[in-house]
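Letters A, B, ... are given to chains in the order of the sequence lines, protein chains preceding strands, and every chain is numbered from 1. Bear in mind the structure is a predicted one, so any value in this text is a computation, not a measurement.
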Amino acid sequence: MISYSSPLDHLNPLQAKAVRVLDSHLLVEAGPGTGKTRVLTARASWLAREGVLPESILAVTFTNKAAGEMRDRIGLQGTIPGLEVTTFHSWAYRFISSMLPAGDTVTVISEAEQKRIFSEVAKRLGLEARARDFFDRLQYLKQFYPVSIEDEPEEIRLLAKEYSDYLRRHGLYDYDDLILSAAALLAAAGHGKDFPLSYAHILVDEFQDISPAQYSMLRLMSGSTTLVTAIGDQNQAIYGFRGADPMLMEQFRKDFTPCTRISLVHAYRCPQQFLDAAGKVLGSSSPPKLESVSNQAGTIILKRFRDYEKEAAWIAGRIDQICGGTSFESFNQGTATGQVMRSLSDIAVLYRINKLGDAIAERLEKAGIPFQISSKSSTSYMKMLDMLQHLFDILDSRAEKYHISRLPSGLQEDLRNAGPVWRDRFRTLEAATMAEMLAQLFGWDLDPDIKGLTERAVRLYRQGQPLSLAIREEQDHLDFQVEAVSLLSIHASKGLEFPVVFLSGCEQGIIPWKKGDMDEELRLLYVALTRASEQVFITCAARRRLWGRTTATGCSSVLERLGGLVSKEPPVVKKKKKKKARQKKLF
DNA sequence: CCCCAAATGTTTTTT
DNA sequence: ACATTTGGGG
């Protein structure tokens with residue numbers, strides 16, 4: 001007899017309880033390292049195992065990366081055909097496409113195009129002077145469904161209408177439109193017997209990141225028999241600046257009744273020390289009641305430096321030491337403190353703003369320590385994607401008028417002459433061959449990166465995936481298999497775990513960021529401290545050169561909240577003083 | 001209206 | 001440091 005593993009295997013009682021709630025909506029509060037994704041994937045598998053039709057289960061995330069990871073993890077529990085894992089935006093895209101009259105298409109525009117069209121419209125209306133402000137305002141208003149612009153100034157109302165008319169005329173949708181239009185279509189369809197959806201279960205990950213418009217869409221997606229599972233952690237809500245509202249996690253319990261609430265309290269990643277420190281940062285308003293089940297005894301070490309270069313140098317030295325590097329210092333100190341040798345991939349250096357990563361990267365480079373740094377996608381890549389999307393849409397006869405106008409004029413001519421031939425080739429050619437032709441057409445150097453990007457774009461488009469929703473530059477995702485230290489922003493570190501974390505630039509005005517929302521900034525520090533499973537180093541510099549200006553603000557005052565949980569000095573075992581001093585002179 | 005110098009801000013990130 | 005925006009003068 002073959003014995004199958006159960007989705008409930010290896011779950012603690014609270015996790016297992018959360019997996020098995022079947023008679024109500026479900027809100028799972030899952031702090032750092034409590035097994036959030038594990039519960040979500042186990043629940044999806046368990047529901048399918050219990051006889052819920054996989055086609056009627058929908059798992060929703062906010063990013064393609066998260067969706068991909070969840071798909072993989074559900075796959076590990078045994079493939080469940082028909083179970084859909086998607087993002088809010090991709091779901092909306094497909095739903096709108098399915099609801100439109102035959103012949104109408106949905107073309108998703110990139111942010112760059114969105115801005116370009118907006119300023120074009122603003123110019124036409126003679127409002128270009130304040131176009132930037134108006135754009136931001138409209139972007140904000142579109143985080144809510146339904147969008148209410150009645151109380152806005154005349155200019156905004158006019159601009160909003162003209163912009164939206166322009167898009168509709170050409171069959172274009174910006175990212176917010178996808179959510180708003182899907183919600184509008186759902187609302188119009190109502191929940192009558194012709195209602196197009198019937199999900200038995202909708203599971204939403206990272207619920208603290210949901211925007212009001214997405215929340216409205218979720219409510220409209222839920223029929224009378226749909227049960228919704230929301231998993232998240234309000235203390236890790238760090239995306240308020242892009243429309244996320246963590247209060248919607250509270251709201252969920254009121255709107256989705258009856259609702260079972262389960263808090264996962266066993267934290268597997270962090271030593272209690274780290275959880276206590278992170279909790280103290282948040283203040284008394286919402287003390288997370290987490291209990292560490294890690295057998296590590298964590299230490300938090302705070303180091304102050306005269307300037308940011310000393311800070312970077314110390315971090316580089318310490319990494320070298322932790323990894324058993326070959327410098328004198330690592331022989332003297334590393335072995336003396338009896339530290340476990342760590343691999344470079346066990347280490348992350350975090351900072352509040354990407355700019356701070358430069359100095360660290362420079363120093364690591366100098367020290368010959370391999371590292372990878374998370375960088376934002378280059379505009380040239382994004383422009384290439386836009387070009388490809390335009391061309392594909394033209395060859396596919398979607399919103400041609402608009403897309404042709406966006407191509408270089410020489411190309412427009414070529415297309416008019418050789419359109420049918422191109423159309424034919426586009427449908428039949430191998431992706432690799434297609435990539436070569438496209439590169440030649442646009443005059444790109446066909447280096448491996450561009451070749452890969454183009455091929456992937458061709459394949460994705462043929463699968464019916466809009467490039468603006470499906471593709472991102474590969475480079476912006478770090479590869480944690482590779483033997484290198486990871487340098488990333490605190491935001492980029494959310495959801496990740498490292499044995500050793502350096503939190504750098506912990507200075508007044510930087511952490512918490514002076515212009516940020518204080519509560520969110522504190523949650524950011526909470527996120528940073530809870531990335532580590534064994535060792536945290538917090539560093540700050542008395543003087544820092546930033547954007548050509550030198551500031552001397554000193555250590556962040558929130559660190560005082562950590563009190564006795566922090567060791568001011570590392571427990572250095574001092575011996576062979578003379579020898580060490582002499583060796584230092586060599587550098 | 002256009003051009004150049006001066007002033008002004010600089011997070012965080014996904015779709 | 002550096003890109004972007006503003007404002008004044010031609």
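With sequence neighbours left out, the salt bridge (Lys or Arg N to Asp or Glu O under 4.0 Å) criterion links A:R242 to no other residue. The side-chain hydrogen bond (donor to acceptor under 3.5 Å, both in side chains) search around A:Y402 returns A:E113, A:R116, not counting sequence neighbours. Applying the side-chain hydrogen bond (donor to acceptor under 3.5 Å, both in side chains) rule to A:E520 yields no partners; only residues at least two apart in sequence or on another chain are considered. With sequence neighbours left out, the side-chain hydrogen bond (donor to acceptor under 3.5 Å, both in side chains) criterion links A:D307 to no other residue. For A:Q251, the side-chain hydrogen bond (donor to acceptor under 3.5 Å, both in side chains) criterion is met by A:D255, not counting sequence neighbours. Partners of A:C540 under the disulfide (SG to SG under 2.5 Å) rule, at least two apart in sequence or in another chain, are A:C555.
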What side-chain donor-acceptor pairs closer than 3.5 Å can you find for residues 460-469 of chain A, not counting sequence neighbours?
{"from": "A:Y461", "atom 1": "OH", "to": "A:D393", "atom 2": "OD1", "distance (Å)": "2.6"}
{"from": "A:Y461", "atom 1": "OH", "to": "A:D396", "atom 2": "OD2", "distance (Å)": "3.2"}
{"from": "A:Y461", "atom 1": "OH", "to": "A:R398", "atom 2": "NE", "distance (Å)": "3.3"}
{"from": "A:R462", "atom 1": "NE", "to": "A:F426", "atom 2": "O", "distance (Å)": "3.4"}
{"from": "A:R462", "atom 1": "NH1", "to": "A:L429", "atom 2": "O", "distance (Å)": "2.9"}
{"from": "A:R462", "atom 1": "NH2", "to": "A:F426", "atom 2": "O", "distance (Å)": "2.5"}
{"from": "A:R462", "atom 1": "NH2", "to": "A:L429", "atom 2": "O", "distance (Å)": "2.8"}
{"from": "A:S468", "atom 1": "OG", "to": "A:V108", "atom 2": "O", "distance (Å)": "2.7"}

Would you list the atom pairs, donor with acceptor, under 3.5 Å between side chains in residues 509-516 of chain A and any protein atom, with sequence neighbours excluded?
none

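The separation between A:F88 atom CZ and B:dT15 atom C1' is 12 Å, rounded to whole Å. Atom CG in A:L178 sits about 13 Å away from atom C1' in B:dT14, given to the nearest Å. Rounded to whole Å, atom C1' of B:dT15 lies 4 Å from atom NE2 of A:H89. Atom CG in A:L180 sits about 18 Å away from atom P in B:dT15, given to the nearest Å. Nucleotide B:dT14 holds its P atom 18 Å from the CD1 atom of A:I210, rounded to whole Å.
Mapping heavy-atom proximity under 4.0 Å, the span of DNA chain C touched by chain A runs 5' to 3' from C:dA1 to C:dT5.
Using a 4.0 Å heavy-atom criterion, one finds that A:R545 contacts the sugar-phosphate atoms exclusively. A:N64 comes within 4.0 angstrom of sugar-phosphate atoms only, judged by non-hydrogen atoms across all strands, and of no base.
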Can you tabulate the close N/O pairs, meaning under 3.5 Å, that link protein atoms to atoms of nucleotides 9-13 of chain B?
{"from": "B:dT11", "atom 1": "O2", "to": "A:R352", "atom 2": "NH1", "distance (Å)": "3.1"}
{"from": "B:dT11", "atom 1": "O2", "to": "A:R352", "atom 2": "NH2", "distance (Å)": "2.2"}
{"from": "B:dT12", "atom 1": "OP1", "to": "A:N354", "atom 2": "N", "distance (Å)": "2.4"}
{"from": "B:dT12", "atom 1": "OP1", "to": "A:N354", "atom 2": "ND2", "distance (Å)": "3.4"}
{"from": "B:dT12", "atom 1": "O4'", "to": "A:R352", "atom 2": "NH1", "distance (Å)": "3.1"}
{"from": "B:dT12", "atom 1": "O2", "to": "A:R352", "atom 2": "NH2", "distance (Å)": "3.3"}
{"from": "B:dT12", "atom 1": "O2", "to": "A:H491", "atom 2": "NE2", "distance (Å)": "3.4"}
{"from": "B:dT13", "atom 1": "OP1", "to": "A:S489", "atom 2": "OG", "distance (Å)": "2.5"}
{"from": "B:dT13", "atom 1": "OP2", "to": "A:N354", "atom 2": "ND2", "distance (Å)": "3.2"}

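The backbone N or O of A:V527 sits less than 3.5 Å from a side-chain atom of A:T530, completing a donor-acceptor pair.
Ring geometry for A:F537 versus A:W314: interplanar angle over 60°, hence perpendicular rather than tilted (30 to 60°).
Among residues at least two apart or in separate chains, side chain to side chain donor-acceptor pair (under 3.5 Å) pairs with a member in residues 350-365 of chain A are A:R352-A:E521.
For the segment residues 111-122 of chain A, the set of residues with a heavy atom within less than 4.0 Å of an atom of DNA chain B comprises A:E111, in numerical order.
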